[in-house]
Amino acid sequence: MSFQTAFLSWLMFPVYVWQGIGVRRRVERMPPPDGAVTGFLGTEAIRDTAIRLLVIGDSSAAGVGVANIEDSLAPKLAERLYGLTGLSVFWRTAGSNSAVSAEVRDHVVPNLAREAFTHIVLMIGTNDAKNFHGARKFKKGFGGLLYALKAKWPEARIVWSPPVDLKRVPALPRGLAHVLELRARIIRRMGARLCVERGAIASTSLPRVEPAGFSRDGFHASIEGYAYYANHLVGYVLGDRSRADETSGALR
């Protein structure tokens, strides 16, 4: 199945090139939001905080799509964790526009301080799919990224959020979206396998992808989209799938 998916996507490569050039010219390139990349919720001293959350990866980790960082994924997820557990939460976000797995492995992880993170959310894979990375290349980049995270924070619970259904992304024309979704399926399958092998947890893709969840560029999440992401991921972060299903349903 993986071979057939890859072969079909390569047959459609001319569509990818032609429509991809048009999207690059048309779609606004949004900067990361304003605000500090760290925050704290609770009453304890930061050094005694029970939950220390790192959200790392691509532009979704950086919060691209919203104007203020308070509306991005890391602080929204911290709010959900604090609300559900009552435990103080320190959060840190580390994301880069257009980053692929190997770049986060080589340039982001080594430059982060060795803080005692207890939970790590990994937002990566969409750009690997968009850049036509195959299973072998993604395995090397993403697999090495998981190893790097486990080596630096061996006690942390690592949750990977795979790419959304790219056929539902408003900025992508139908042909391009179909090609990229074929590539995303390769990424999801390989990523889920590597998570099992290397001690991480793969969440499901967002169960619903609606236009209201996208920013004005039609590609990145809006305020509502990041809130939905947070509701979907919080159960995986806490290790409670039933809570994940219950809380993600709150915005349906």
Checklist entry - Side chain of Arg157, backbone of Ile120: donor and acceptor closer than 3.5 Å? => result no

Checklist entry - Are any side-chain N or O atoms of Asn231 and backbone N or O atoms of Ala227, one a donor and one an acceptor, separated by less than 3.5 Å? => result yes

Item to check | Donor on one side chain, acceptor on other, Tyr229 and Ser60, under 3.5 Å | outcome: no

Checklist entry - Do Asn68 and Pro33 have side chains that get closer than 4.5 Å, going by heavy atoms? => result no

Checklist entry - Would you say the side-chain atoms of Asp34 pair up with the backbone N or O of Ile69, donor to acceptor, closer than 3.5 Å? => result no

Checklist outcome for this item: Interatomic distance, OG1@Thr85 vs CZ@Arg80, rounded to 0.5 Å, equals 10.5 Å

Next on the checklist: Is it the case that the side chains of Asp128 and Ser101 hold a donor-acceptor pair, with the cut-off being a distance below 3.5 Å and no angle test?
Outcome noted: yes

Checklist entry - Yes or no on side-chain contact (heavy atoms from CB on, under 4.5 Å) for Tyr236 and Thr204, after CA distance, side-chain angles and deciding distance? => result CA-CA 9 Å; Tyr236 292 97; Thr204 60; 3.3 Å; yes

Item to check | Taking every non-hydrogen atom, the tightest pair across Tyr228 and Pro207 | outcome: OH-CG, 3.2 Å

Checklist entry - NZ of Lys152: more than 12 outside heavy atoms within 6.0 angstrom? => result yes

Checklist entry - Between the side chain of Ser88 and the main-chain N/O of Thr43, is any donor-acceptor distance below 3.5 Å? => result yes

Checklist entry - Is a salt bridge present between Glu155 and Lys150, judged by a nitrogen-to-oxygen distance below 4.0 Å? => result no

Checklist entry - Between Val209 and Arg168, what is the shortest heavy-atom contact and its length? => result O-NH2, 3.2 Å

Item to check | Heavy-atom side-chain contact between Val104 and Val100 under 4.5 Å | outcome: no

Next on the checklist: Would you say the rings of Trp91 and Phe40 are close, in the sense that their centroids are separated by under 6.0 Å?
Outcome noted: no

Checklist entry - Where is the tightest heavy-atom contact between Leu194 and Phe142, given as atom of each residue plus distance? => result CD1-CD2, 3.7 Å

Item to check | Distance-minimising heavy-atom pair for Ala78 and Leu53 | outcome: N-CD2, 4.1 Å

Item to check | Note, Leu149 side chain near Leu122 side chain (heavy atom, < 4.5 Å) | outcome: yes

Checklist entry - Under 4.5 Å between any side-chain heavy atoms of Val55 and Met123, yes or no? => result yes

Next on the checklist: I'd like to check Phe219 versus Thr126 (side-chain heavy atoms, cut-off strictly below 4.5 Å). Are they in contact?
Outcome noted: yes

Checklist entry - Would you say Thr118's side chain and Arg52's backbone share a donor-acceptor pair under 3.5 angstrom? => result yes

Item to check | pair Phe214-His220: side-chain heavy atoms closer than 4.5 Å | outcome: no

Checklist entry - Checking Arg183 against Phe132: charged group under 6.0 Å from the ring centre and within 45 degrees of the axis? => result yes

Checklist entry - Do side-chain atoms of Trp160 reach the backbone of Val121 as a donor and acceptor pair under 3.5 angstrom? => result no

Checklist entry - What heavy-atom pair brings Val108 and Ser96 nearest, and what distance separates the two atoms? => result CG2-OG, 4.3 Å

Checklist outcome for this item: Tightest non-hydrogen contact, residues Ser215 and Gly65, listed as OG-O, 2.6 Å

Next on the checklist: Main chain of Arg208, side chain of His232: is a donor-acceptor contact present, judged purely on distance under 3.5 Å?
Outcome noted: no

Checklist entry - Is a side-chain donor or acceptor of Glu181 paired with a backbone partner of Asp165 at a separation under 3.5 angstrom? => result no

Item to check | Check: Ser59 side chain, Val64 main-chain N or O, donor-acceptor pair, under 3.5 Å | outcome: no

Next on the checklist: Looking at Lys130 and Leu180, would you say the former's side chain and the latter's main chain have a donor-acceptor pair under 3.5 Å?
Outcome noted: no

Next on the checklist: Determine whether Leu146 and Glu197 satisfy the following criterion, side-chain contact (heavy atoms from CB on, under 4.5 Å), listing intermediate values before the conclusion.
Outcome noted: CA-CA 10 Å; Leu146 291 178; Glu197 293 175 356; over 6 Å; no

